[in-house]
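FYI, side chains are in, hydrogens and waters are out, and symmetry mates aren't considered; it's all heavy atoms of this structure. Just follow the structure's listing: the first ligand is 1, and inside any ligand the first atom is 1.
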Amino acid sequence: MIRRLVELLLLVFLGAVWGWYSAAANWTLAGALLGAVVWSIFDGLRARHMLRWLNKADVTRTPNLSGVWGDLIDRNRKILKKLEKKAQSSDARLEDFLAAIQASPNGVVLLDALGRIEWSNLTAAEHLGFDPQRDLGQYVRNMVRSPVFTAYMASGDYNHEIQIDGPGPKPSQPTKISLQIHPYGKKKKLLLSRDVTAVQLADTMRRDFVANVSHEIRTPLTVLSGFVETMQSIPLDESDRTRYLGLMSQQAQRMQTLVSDLLTLSRLEGSPSPGAGEWIDSQELLTHVVQEARGLSQAIARPAHVIEIDEAPAFWVSGAKSELLSAMSNLLSNAVRYTPGGGQIRAGWHLQSDGRGVFSVADSGPGIAAEHLPRLTERFYRVDRSRSRETGGTGLGLAIVKHVAQRHGGQIQVESSLGEGSTFHMALPASRVRAR
Ligand code: ADP
C-alpha cells in the first residue's frame, strides 16, 4: 500500500516539477494532475493484466507484477491451486463412483426431469438396447419401446417394479428385464434394471417339477385308492383278492421307486462333490452292475437279453462308489428295459488316450430319434412313455446319471438313431482315473 502511495506521490511530484520547469508557475498543478493520470493509467493496466490472468485461472503462468498487485496475484494463485486440488480429488472420487456403478451387475440410468438419459452404465444399455454414449440426451421412452414401460413412466406410480422383454443376444434367446424407477432430487429419476431371465426360468422349472411330481404320484395313488374302495364295497373271492393285492403292490412299488429317485436327486444336488479320496476298481463296479442287469433281464424279458462285458484292461476310478454304481446301473437298466427280449447289450469301462475313463453301454434296442437326444436328461422327459411306465421307469434315471457325471467332473453322451440301437457313455476326467 505504501509503495503504491509512494509511486503516486512520486509521479505527482515529477509532473509538478515538469510543469514548473517547462512553463510558468500555474502549470505546476497541471503537471501534478498529469502525473496522477499517468499513474492511474499505469495502475489500470496492471489491474487489467491481473483480471485477464484471473479469467484464464492458469496457475502455472502467473503475471510478473510487483507491489500490492503481485501480492494479490500470489494470494489468488494459492486459492486457485487449492481449488484445483479439490476439483481433482472430486473428479477422482466421481470416476471411482462411476466405475463402481459400471461394475454393478444391475443396470443404472439417470434421467433428468423430462425423462432424458443423463448417464447410463453399460449393463443398463445392454438390458434396454441403447448406446450409452450416442443416446445420451435422448428420451428414454423413445429408447425403450415397450407399452408396459411407457404406461409405467406415464403413471407416476413407481412403488412396484415391472418386467419387459429385453433385446437379448439373439432373437432366439429372449430375455426378461425387470425395471424400477426411484425418483430423486428435483424431479430426476433413477432407473434400475435387472436381468431376471434365469430367475424366471428357474421358477418355471420349479413349477413344472412340482406339477410333474404331483402327476406322477397321483396316477398310482388313484389306482390304489380305486382298488381299496372296490375291496371295501364288493366281497371278492380269493383269486380276485390276490390279483387286486398284486396290482396294488405294483402301484405302491411304483411310488416307492419314484420317491427313492427323487431323494437320490435331491441328495446329489444338495451335497458337495465327492472328493478324490476313494479309488475303486473299474472291473469290480462293472461286474456288480452287469450281474444286476442280468437278473433284471431274466425277470422282465422273454427270452432274456445277451449281456456281455466289453473286455478291456481294468483301472482305478475315484469318486463316490454308491453314486457311480447308481449311474452305471441306471444306464444298464435302461438298456434292458428298452431293448426287446433276446437283444444284445454290451457294457464296459475304457481308458482313453487322453487319460479319461469312459463307461459305455451299447444296446440293439429301438434307438432314439435325434430330436429327443438333447432333452433326454431332463427330469421326467420320456421318449416312450408307455414303455417307461410298463417297466417301472420314473423318468429320472438319466437326470441322475447326468448329475453323478457332473459331480465327478465328467459328462454323459448319447449316440443313437432310430432302429439302430443306442450307446450311452459316461466319461470321467483324467484326474479321477489311474491306470493299474
Ligand atoms: P425312465 O425312467 O423313463 O427310463 P430315463 O431318464 O432313464 O427315464 O430315460 C429317459 C427316456 O429316454 C426314457 O423314457 C426312454 O424313452 C429313453 N431311453 C433311455 N434309455 C434308452 C435306451 N437305451 N433305448 C431307448 N430309449 C431310451
Side-chain angles (χ1 to χ4, degrees), residues 205 208-209 211-213 215-220 250-251 253-269 289-290 292-294 296-297 299-301 304-308 310 323-348 358-407 411-427:
M205 274 167 69
D208 285 355
F209 181 68
N212 274 323
V213 171
H215 178 76
E216 293 290 331
I217 289 182
R218 199 181 50 195
T219 317
Q250 238 178 36
Q251 297 303 323
Q253 179 63 41
R254 196 173 143 190
M255 284 200 290
Q256 223 160 26
T257 319
L258 177 70
V259 170
S260 145
D261 274 2
L262 283 170
L263 284 175
T264 306
L265 258 182
S266 85
R267 250 199 317 272
L268 291 176
E269 281 177 346
V289 289
V290 166
E292 215 179 56
R294 284 183 179 142
L296 176 67
S297 170
I300 65 165
H305 301 88
V306 181
I307 304 179
E308 290 179 337
D310 242 352
E323 289 184 24
L324 291 174
L325 279 174
S326 153
M328 291 166 69
S329 86
N330 262 309
L331 290 179
L332 259 167
S333 88
N334 275 358
V336 170
R337 285 168 40 235
Y338 293 104
T339 305
Q344 305 267 330
I345 296 170
R346 293 185 73 80
V358 180
F359 172 68
S360 307
V361 179
D363 65 49
S364 61
I368 304 163
E371 72 260 27
H372 296 294
L373 295 181
R375 299 194 59 190
L376 279 189
T377 54
E378 281 176 25
R379 292 157 188 204
F380 299 112
Y381 188 82
R382 292 164 167 120
V383 181
D384 187 344
R385 189 164 286 273
S386 59
R387 179 104 188 121
S388 164
R389 289 251 162 81
E390 266 167 39
T391 55
T394 57
L396 297 173
L398 291 179
I400 292 176
V401 180
K402 186 178 103 175
H403 262 87
V404 170
Q406 284 180 343
R407 280 163 58 77
Q411 67 252 27
I412 155 172
Q413 217 184 25
V414 192
E415 288 161 24
S416 186
S417 49
L418 267 185
E420 296 189 7
S422 318
T423 306
F424 285 77
H425 304 282
M426 179 177 71

Consider every N or O of Tyr381 and every N or O of ligand 1, then say whether any pair is closer than 3.5 Å. no
Nearest 0.5 Å, please: how far is CG in Leu296 from CD1 in Ile307? 8.0 Å
Interatomic distance, Glu292 atom CD to Ser333 atom OG [nearest 0.5 angstrom]: 8.0 Å
Considering distance alone, does some N or O of Gly395 sit under 3.5 Å from an N or O of ligand 1? yes
Any heavy atom of Ser422 closer to ligand 1 than 4.0 angstrom? yes
To which of Asp363, Thr339, Thr394 does the heavy atom nearest atom 22 (C) of ligand 1 belong? Asp363
Which pairs, with at least one residue in residues 364-375 and sequence neighbours excluded, count as a salt bridge (Lys or Arg N to Asp or Glu O under 4.0 Å)? Arg375-Glu378
Donor-acceptor under 3.5 Å (His403 side chain, Ala399 main chain): yes
Atom 14 (O) of ligand 1 has as its nearest protein heavy atom Tyr338 OH, 3.1 Å
Would you say ligand 1 has an N or O under 3.5 Å from any N or O of Gly367? no
Where is the nearest protein heavy atom to atom 19 (C) of ligand 1: which residue, which atom, and how far? Asn334 ND2, 3.5 Å
Please could you name the atoms of ligand 1 that Gly397 approaches to less than 4.0 Å, counting only its heavy atoms? 5 (P), 6 (O), 7 (O)
On a heavy-atom basis, I'd like to know which of Ser386, Ser388, Gly393 is closest to atom 3 (O) of ligand 1. Ser388
Nearest neighbour in protein (non-hydrogen) for atom 6 (O) of ligand 1: Leu398 N, 2.9 Å
Enumerate the atoms of ligand 1 whose separation from the nearest heavy atom of Arg337 is less than 4.0 angstrom. 1 (P), 2 (O), 4 (O)
Which of the atoms in ligand 1, numbered in the order shown and given with their element, are less than 4.0 Å from a heavy-atom of Asp384? 16 (O)
Could you work out, for atom 16 (O) of ligand 1, the closest of Thr257, Val383, Val361 by heavy-atom distance? Val383
Donor-acceptor side-chain pairing of Glu415 and His425 below 3.5 angstrom: yes
Could I get the full list of ring pair (Phe, Tyr, Trp, His ring centres under 6.0 Å) partners for Phe359, not counting sequence neighbours? Trp349
Supply the atom-to-atom distance Ile300 CD1 to Glu390 CD, rounded to the nearest 0.5 angstrom. 10.0 Å
Pick one of side chain, backbone, both or neither for how Arg385 approaches ligand 1, counting any non-hydrogen atom pair under 4.0 Å. neither
Shortest protein heavy-atom distance from atom 12 (O) of ligand 1, along with the residue and atom involved: Leu376 CD2, 3.4 Å
Under 4.0 Å from ligand 1, counting heavy atoms only, is it the side chain of Ile368, its backbone, both or neither? side chain
Location of contacts on Phe424 toward ligand 1, heavy atoms closer than 4.0 Å: side chain
